[in-house]
Structure formats: C-alpha cells, structure tokens
Enquirer: 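A single structure is presented below for examination.
Throughout, residue positions are numbered sequentially from 1 according to the sequence presented. Note that this is a predicted model, so its numbers are computed, not measured. Both counts, for ligands and for their atoms, begin at 1 and track the order of listing.
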Amino acid sequence: MRVVILENAEAVAEFAALQFIHQVSGKPDSVLGLATGSTPLGTYGKLIKAHREGRISFRRVCTFNLDEYLGLSPDHSQSYHRFMRESLFDHIDISSGNTHVPRGDVNDIEKEIEEYERAIEAAGGIDLQLLGIGTDGHIAFNEPGSSLASRTRVKTLTRRTREDNARFFGSLDEVPKMALTMGIGTILESRSILLLACGEGKADAIQKTVEGPITSLVPGSALQLHSRVTIAVDIKAASKLSQLEYYADCERNRTELGKV
Ligand code: GLP
C-alpha cells in the first residue's frame with residue numbers, strides 16, 4: 001500500500017485531482033469509479049477547475065458510482081445521483097450517458113444490481129476507483145461484517161453510519177435504513193484504488209485499514225489484498241499510524257525515482 005501523508009484537506013484534494021488528471025491524460029477513455037460524501041468534494045472542485053483550465057477533458061470518460069440510498073429517487077435532494085450532478089457532472093464535459101449511479105428507487109432491485117455489475121464489466125472494468133471511508137471503516141456502504149468477496153447488493157446501514165450521515169438530512173429518522181452498494185469484491189476488481197481521508201474522526205479507521213489485520217469488521221482493511229492502492233490522508237487522519245516515518249521515507253524515495 002502506498003500511504004501519502006499530506007498537510008491538510010486541500011493538499012489531499014490537490015493530490016487526488018492530480019492522480020485523476022494523470023489517469024485520464026494517459027487513457028482519455030478511462031473508466032473512473034467515483035465516491036460521494038464530504039471528503040471527495042475538494043477533489044471534485046479541483047477537477048472542475050482543471051477542466052476549465054483545459055487540463056482535463058471527460059469527453060470520453062465513463063464513470064460508475066459506488067452506491068445509492070435505497071428508496072431515494074435521482075431527484076431527491078440527498079440522493080447520490082443529485083450529489084454527483086451538482087458536485088461534478090454539471091460542471092464538466094462528460095456526457096450524461098457515460099455516468100452511472102445505481103438506482104435505489106426501482107421496483108426490480110435485483111435486476112438493477114445485475115445490470116450494474118454487467119455494465120461495469122461491459123465498460124472494461126474500473127481503471128481508477130476513488131474511495132472515502134466511514135468512521136467505522138466502511139467503504140462505499142459495505143458495513144462491518146460485509147463479506148470481503150461481496151458483490152453489488154442491498155446493505156442495511158449501521159446506526160453509526162446513519163448518525164454520521166444525518167447531518168445531510170433533516171433528522172436521523174429521514175436517513176434511509178438501507179442502500180445499494182458495490183461489494184468489496186467488486187471494488188477490489190478495480191485496476192487501481194485511491195482512498196482519501198481527512199480529520200481526526202477518521203484516524204482510527206485509517207490505522208485499522210492500513211495496519212490492522214484484514215477483517216470483515218473493518219471493510220477498508222480488505223484493500224491490503226490489492227496490489228495498487230494509494231491511501232492519501234491529512235496529518236490528522238494519519239495521526240494513529242505507527243509507521244509514519246517509514247511511509248514518509250517511501251514517498252521521498254518515490255520522488256527520487258521520479259514517480260507521480
Ligand atoms: C458514506 C458513503 C461512503 C463515504 C462515507 C464517508 O457512507 N457511502 O462512500 O466514504 O460516507 O463520508 P464523508 O466523506 O462525508 O466522511
């Protein structure tokens with residue numbers, strides 16, 4: 001795992017945006033896996049700016065989002081469809097037909113799940129998957145206890161996740177109890193993965209993800225099984241890591257080798 005420790009959230013966003021710019025300039029028809037939550041917002045802001053400056057074009061890019069709340073229509077103010085449109089898609093040159101977010105409001109949810117997995121496959125698989133992390137170590141909506149081989153499916157959200165996300169809704173009661181989410185197995189099939197975390201509240205989850213044993217109780221720890229994962233965190237989210245000096249050494253050596 002590559003662990004990149006940066007000064008603050010702004011530097012994390014800058015780093016993440018550069019990874020996407022690098023990916024898309026090398027492969028203009030990249031398949032990008034996108035995430036929601038407050039953490040990727042800075043990255044999306046930087047990508048919009050880079051697009052306006054002519055440093056990245058999404059014309060041939062195709063995207064797949066990780067998850068959606070069950071029961072919310074794409075126009076609901078807290079749906080991840082709406083989040084993605086408002087935070088990124090409406091501000092870049094991506095064709096809406098190339099963006100995919102699972103639908104949480106369809107009658108035949110099993111069909112939606114099957115089609116979503118099939119669409120990822122038909123697109124050739126995800127080149128670069130962006131992830132945030134929940135305070136309990138969840139990735140996408142794969143809550144603790146999720147099978148490390150899980151595929152896209154419906155998951156029940158933990159009370160902690162619903163409480164964490166209640167800030168976006170009027171009250172805890174309004175937060176959906178279930179969500180449709182890519183599975184851990186689905187995520188691990190991405191060619192490369194970039195996980196971002198900022199703030200003290202994520203320090204525990206990051207320590208367990210990077211240095212803890214691989215366990216379904218910390219879904220992020222499954223990333224240790226992948227050969228191309230970058231964890232980009234600010235100092236606060238890195239504060240509980242035990243090998244801080246070593247990670248900094250690795251980064252210095254990478255720079256010497258001229259790697260991005
Ligand atoms: C939700 C999303 C996750 C995200 C997490 C953390 O649960 N499904 O993909 O990583 O929130 O969100 P935030 O970045 O707001 O802390």
Side-chain angles (χ1 to χ4, degrees), residues 6 8-10 12-13 15-17 32-46 63-72 76-84 86-88 100-104 116 126 128-146 150 152-169 172 174-184 186-188 190 193-210 218-223 229-234 236-238:
L6 297 149
N8 49 34
E10 165 89 15
V12 170
F15 173 86
L32 304 178
L34 300 179
T36 50
S38 39
T39 310
L41 277 176
T43 306
Y44 295 155
K46 303 270 180 206
T63 67
F64 287 90
N65 263 78
L66 291 166
D67 46 13
E68 178 59 288
Y69 289 110
L70 202 68
L72 298 197
H76 187 283
S77 64
Q78 293 312 323
S79 77
Y80 285 167
H81 277 84
R82 178 107 169 239
F83 176 97
M84 287 310 301
E86 291 176 356
S87 319
L88 184 66
H100 306 84
V101 183
R103 286 281 295 250
Y116 204 67
I126 293 169
L128 173 59
Q129 175 66 59
L130 183 64
L131 294 177
I133 191 159
T135 54
D136 61 1
H138 75 247
I139 49 173
F141 269 133
N142 293 287
E143 296 286 24
S146 291
S150 51
T152 302
R153 70 214 182 289
V154 171
K155 274 302 285 184
T156 292
L157 305 180
T158 60
R159 188 176 172 89
R160 184 165 171 191
T161 295
R162 293 183 63 239
E163 282 170 356
D164 283 350
N165 291 354
R167 67 188 192 280
F168 301 113
F169 292 80
L172 180 62
E174 285 171 60
V175 184
K177 294 190 169 63
M178 287 180 279
L180 200 65
T181 179
M182 267 189 213
I184 297 175
T186 320
I187 292 169
L188 290 177
S190 310
I193 297 175
L194 172 61
L195 183 144
L196 311 180
C198 297
E200 250 174 280
K202 299 289 171 72
D204 212 36
I206 286 299
Q207 195 278 330
K208 290 178 173 152
T209 290
V210 176
V218 182
S221 67
L223 300 178
V229 174
T230 301
I231 311 277
V233 290
D234 70 355
K236 289 179 181 160

Enquirer: Check this for me - ligand 1, Ala35, N or O atoms closer than 3.5 angstrom, yes or no?
Expert: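 So ligand 1 has no N or O lying under 3.5 Å from an N or O of Ala35.
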Enquirer: Need the ligand 1 atom indices (1-based, order shown) with element for anything under 4.0 Å from a heavy-atom of Gly132.
Expert: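 Near Gly132, meaning under 4.0 Å from one of its heavy atoms, ligand 1 has 10 (O).
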Enquirer: Can you tell me the protein heavy atom closest to atom 8 (N) of ligand 1 and the distance?
Expert: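 Answer, as residue, atom name and distance: Asp67 OD2, 2.8 Å.
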Enquirer: Which pair of non-hydrogen atoms, one from Gly220 and one from Ile139, has the smallest distance, and what is that distance?
Expert: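 Closest pair (atom of Gly220, atom of Ile139, distance): CA-CG2, 4.0 Å.
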Enquirer: With rounding to the nearest 0.5 angstrom, report the NE2 to CG distance, His138 to Asp67.
Expert: 8.0 Å
Enquirer: Where does the angle between the aromatic ring planes of Tyr69 and Phe141 fall among parallel (under 30°), tilted (30 to 60°) and perpendicular (over 60°)?
Expert: tilted
Enquirer: Indicate the atoms forming the closest heavy-atom contact of Thr39 with Lys202, along with that distance.
Expert: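 Answer, listing the atom of Thr39 first, then Lys202: OG1-NZ, 3.8 Å.
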Enquirer: Relative to the heavy atoms of Gly37, which atoms of ligand 1 are at a distance of less than 4.0 Å?
Expert: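 Heavy-atom distances to Gly37 below 4.0 Å select 12 (O), 14 (O), 15 (O).
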Enquirer: Looking only at heavy atoms, is any part of Ile133 under 4.0 Å from ligand 1, and if so is it the side chain, the backbone, or both, or is it neither?
Expert: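 Backbone only; the side chain of Ile133 stays clear of ligand 1.
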Enquirer: Kindly compute the distance separating OG1 (Thr181) from OH (Tyr116), expressed to the nearest 0.5 Å.
Expert: 9.5 Å
Enquirer: To the nearest 0.5 Å, how far apart are CG in Leu131 and CG in Leu34?
Expert: 10.5 Å
Enquirer: Could you tell me the residue and atom name of the protein heavy atom closest to atom 4 (C) of ligand 1, and the distance to it rounded to 0.1 Å?
Expert: Thr36 O, 3.9 Å
Enquirer: Below 4.0 angstrom from a heavy atom of Asn165, which ligand 1 atoms are there? Numbered from 1 as shown, please.
Expert: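 Result: 1 (C), 7 (O).
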Enquirer: Taking a cutoff of less than 4.0 Å between a non-hydrogen atom of the residue and any ligand atom, is Arg167 in contact with ligand 1?
Expert: yes
Enquirer: Using a 4.0 Å cutoff against the non-hydrogen atoms of Lys202, which atoms of ligand 1 qualify?
Expert: 13 (P), 14 (O), 16 (O)
Enquirer: At what distance, to the nearest 0.5 angstrom, does NZ of Lys46 lie from OG1 of Thr43?
Expert: 9.0 Å
Enquirer: Using distance alone, decide if ligand 1 has a nitrogen or oxygen within less than 3.5 Å of any nitrogen or oxygen in Leu66.
Expert: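 No, since none of the N or O atoms of Leu66 sits under 3.5 Å from an N or O of ligand 1.
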Enquirer: Just verifying a value: how many Å separate Thr135 OG1 and Glu163 CD, rounded to the nearest 0.5 Å?
Expert: 9.5 Å
Enquirer: Ignoring hydrogens, just give me the one of Thr39, Thr158, Thr161, Leu157 whose non-hydrogen atom is nearest atom 14 (O) of ligand 1.
Expert: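 The nearest heavy atom belongs to Thr39.
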Enquirer: Hey, what do you get for CD1 (Ile126) to CD1 (Ile193), rounding to the nearest 0.5 Å?
Expert: 9.0 Å
Enquirer: Heavy-atom contacts with His138 under 4.0 Å: which atoms of ligand 1 show up? List them by number with element.
Expert: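 Counting atoms of ligand 1 from 1, those under 4.0 Å from His138 are 1 (C), 5 (C), 7 (O).
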Enquirer: Number the atoms of ligand 1 from 1 as they appear, then name those within less than 4.0 Å of a heavy atom of Tyr80, with their elements.
Expert: 1 (C), 2 (C), 8 (N)
Enquirer: Below 4.0 Å, non-hydrogen atoms only: which portion of Ala140 touches ligand 1? Side chain, backbone, both or neither.
Expert: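 Looking at Ala140 and ligand 1, just backbone atoms fall under 4.0 Å.
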